[in-house]
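Let me begin by presenting the structure, written as structure tokens, before commenting on it.
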Amino acid sequence: VFVIWQVSACSCDVLMGVRRHVWMCIMNRRNTKPEMGLIGLVIMGGPMAKNLQNAGFSLHICDYDESALKALADTGARIAKSGKDVAEAADIIIIMVPDTPHVEAVLFGDQGVATGLTKGQLVVDMSSISPGATIEFAKQINELGCDYLDAPVSGGAPKAITGELSIMVGGPQAAFDRAGPLFNVMGGTVTLIGERNGDGQVCKVANQMLVGTMTSCVAEALLFASKSGADPETVRTALLGGAAKSIILELHGQRMIDRNFSPAFRAELQRKDLGLAVEAAKDIGLYLPGATASWQLYNACIAGGDGTN
């Protein structure tokens with residue numbers, strides 16, 4: 001580029017044309033988006049993938065749900081048969097599956113992501129899983145010469161659809177910066193919790209402790225009001241004006257009053273997340289009575305047949 005700018009023998013029109021061509025090449029290179037892979041499209045992953053697609057990212061997708069695959073393939077995404085195929089096609093691979101064993105299988109199972117990685121790629125696990133397992137998964141991916149971020153999310157399906165998720169990230173600053181454009185498409189609040197893998201999952205476990213216990217408290221408060229003869233909707237409105245105000249009371253409280261139990265986030269997944277808190281607390285010598293009590297309530301809920309609500 002420096003040499004072209006110094007050429008004086010060319011005519012003005014030719015030189016301006018060359019300059020314009022070089023400048024466009026530079027800008028096109030700067031604007032090149034990485035090839036994206038996304039594994040796990042049910043409930044959360046599908047809307048996240050759609051937002052990436054709408055932002056101009058090329059997607060390679062993998063899931064067992066044929067309808068989820070078709071919906072994205074119809075608008076340009078390419079379907080991969082395995083995690084290995086996704087890793088071979090994409091620069092950055094996002095994983096969004098329900099639990100720790102699922103992430104392990106996606107990464108290290110037969111035809112898993114790890115078998116298709118080459119040095120320099122980035123793996124971003126946006127699932128909500130064990131912090132301890134995350135540290136081990138990251139080590140194994142790092143040994144292949146690739147970066148790893150744990151980036152669980154909060155906000156449920158509604159925020160996934162609008163691209164306003166809260167994204168809690170653990171991992172190296174450079175990897176976080178590299179993934180920044182993706183996070184900004186999917187999230188409204190993006191926070192690097194720490195440069196240690198697992199820090200994002202620690203934050204998500206803390207989040208789920210609060211959400212799980214607050215949801216059960218809201219349910220008990222509204223039930224108490226109703227059984228005592230007060231109108232629960234009026235009670236909720238009053239509580240929203242005081243110190244009890246919260247998103248849980250605002251959103252889930254209204255859903256309870258409306259008897260709307262369609263799963264924005266399934267009870268079985270909340271039970272799983274509270275279980276992560278209970279187990280992680282044991283590892284560091286803590287007992288969490290509130291989280292443990294809420295976990296037991298969700299166990300009872302699932303035993304009663306409401307795990308998918």
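Quick caveat: nothing in here was measured; it's all calculated off a predicted structure. Along the sequence shown, residues carry numbers from 1. Side chains included, hydrogens not; waters and symmetry mates left out as well; all remaining heavy atoms used.
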Test log, rule side chain to side chain contact (heavy atoms under 4.5 Å, CB included), inputs Q201 and D125: CA-CA 10 Å; Q201 296 294 354; D125 178 28; 4.0 Å; yes
Heavy-atom side-chain proximity of L52 to I94 below 4.5 angstrom: yes
Over all atoms of both residues, closest heavy-atom pair of M209 and A277: CG-CB, 3.6 Å
Nearest non-hydrogen partners of L72 and Q53, listed with the distance: O-NE2, 3.3 Å
Residues K84 and T115: side-chain donor-acceptor under 3.5 angstrom: no
Atom pairs and distances, side-chain donor-acceptor, residues 244-253, under 3.5 Å, sequence neighbours left out:
{"residue": "S246", "atom": "OG", "partner": "I248", "partner atom": "N", "Å": "3.4"}
{"residue": "S246", "atom": "OG", "partner": "L249", "partner atom": "N", "Å": "3.0"}

Working for side chain to side chain contact (heavy atoms under 4.5 Å, CB included), residues M44 and L165: CA-CA 10 Å; M44 301 288 288; L165 291 165; 3.7 Å; yes
Atom of I39, atom of V97 and distance for their closest heavy-atom approach: O-CG1, 4.0 Å
Validation row: I257, R236 side chains within 4.5 angstrom (heavy atoms): yes
Sequence neighbours excluded - salt bridge (Lys or Arg N to Asp or Glu O under 4.0 Å) pairs with any residue from residues 265-286: R266-E268, E279-K282
Backbone N/O of S67 and side chain of D65: donor-acceptor pair under 3.5 Å: yes
Minimal non-hydrogen separation, T162 against N51, with atom names: C-ND2, 4.3 Å
same_hphob_cluster(M36, L41) at 4.5 Å side-chain heavy-atom cutoff: yes
Distance-only donor-acceptor check, side chains K50 and T75, under 3.5 Å: yes
Any S166 side-chain heavy atom under 4.5 Å of K159 side chain: no
Spacing of L240 atom CG and Q254 atom CD [to the nearest 0.5 Å]: 9.0 Å
W295-V211 co-clustered via ILVMFWY side chain contacts under 4.5 Å: no
Determine all donor-acceptor pairs shorter than 3.5 Å in which one atom belongs to a side chain in residues 175-197; sequence neighbours excluded.
{"residue": "D177", "atom": "OD1", "partner": "Q173", "partner atom": "NE2", "Å": "2.9"}
{"residue": "R178", "atom": "NH1", "partner": "G120", "partner atom": "O", "Å": "2.8"}
{"residue": "R178", "atom": "NH2", "partner": "G120", "partner atom": "O", "Å": "3.2"}
{"residue": "N184", "atom": "ND2", "partner": "G180", "partner atom": "O", "Å": "3.2"}
{"residue": "E195", "atom": "OE1", "partner": "Q173", "partner atom": "N", "Å": "3.0"}
{"residue": "R196", "atom": "NE", "partner": "D199", "partner atom": "OD1", "Å": "2.8"}
{"residue": "R196", "atom": "NH2", "partner": "D199", "partner atom": "OD1", "Å": "2.9"}
{"residue": "N197", "atom": "ND2", "partner": "Y148", "partner atom": "O", "Å": "2.8"}
{"residue": "N197", "atom": "ND2", "partner": "D150", "partner atom": "OD1", "Å": "3.4"}
{"residue": "N197", "atom": "ND2", "partner": "G170", "partner atom": "O", "Å": "3.3"}

From CG (L59) to CZ (F57), nearest 0.5 Å: 9.0 Å
All pairs passing side-chain hydrogen bond (donor to acceptor under 3.5 Å, both in side chains) where residues 220-231 contributes a residue, at least two apart: D231-T234
Side-chain (D99) to main-chain (H102) donor-acceptor, under 3.5 angstrom: no
Candidate pair E35 and V86, rule side chain to side chain contact (heavy atoms under 4.5 Å, CB included), full reasoning: CA-CA 10 Å; E35 292 285 319; V86 172; over 6 Å; no
T237 and V235, any side-chain heavy atoms less than 4.5 Å apart: no
Stepwise side chain to side chain contact (heavy atoms under 4.5 Å, CB included) test for V106 and V113: CA-CA 6 Å; V106 166; V113 167; 3.9 Å; yes
T215 and Y298, any side-chain heavy atoms less than 4.5 Å apart: yes
Compile the donor-acceptor pairs under 3.5 Å between side chains in residues 302-309 and protein atoms, sequence neighbours left out, one pair per line.
{"residue": "D306", "atom": "OD1", "partner": "N309", "partner atom": "ND2", "Å": "3.1"}

Short side-chain to backbone donor-acceptor contact, N299 and C301, under 3.5 Å: no
Distance-only check: which donor-acceptor pairs under 3.5 Å involve side-chain atoms of residues 133-147, not counting sequence neighbours?
{"residue": "T134", "atom": "OG1", "partner": "S130", "partner atom": "O", "Å": "2.9"}
{"residue": "N142", "atom": "ND2", "partner": "A138", "partner atom": "O", "Å": "3.4"}
{"residue": "N142", "atom": "ND2", "partner": "C146", "partner atom": "O", "Å": "2.9"}

Common cluster, L38/I167, ILVMFWY with side-chain heavy-atom separation under 4.5 Å: yes
Any L69 side-chain heavy atom under 4.5 Å of I61 side chain: yes
Flag, side chain of T213 to backbone of L210, donor-acceptor distance under 3.5 Å: yes
hydrophobic_cluster_shared for L274 and I129, side chain cutoff 4.5 Å: no
M168 side chain reached by V153 side chain, heavy atoms, under 4.5 Å: no
Contact summary for P152 and K204, nearest pair of heavy atoms: CG-CB, 3.5 Å
Spatial distance of atom CE (M96) from atom CE (M126) [nearest 0.5 Å]: 6.5 Å
N/O donor-acceptor pair under 3.5 Å between E88 side chain and D85 backbone: no
OG-CG distance between S154 and N207, expressed to the nearest 0.5 angstrom: 4.0 Å
Cluster check V205, Y287: I/L/V/M/F/W/Y, side chain < 4.5 angstrom: no
Close side-chain approach of I95 to V123, heavy-atom, < 4.5 Å: yes
Enclosure of F224 CZ (heavy-atom neighbours >12, cutoff 6.0 Å): no
Taking every non-hydrogen atom, the tightest pair across G40 and D63: CA-OD2, 3.2 Å
Side-chain (Q270) to main-chain (F265) donor-acceptor, under 3.5 angstrom: no
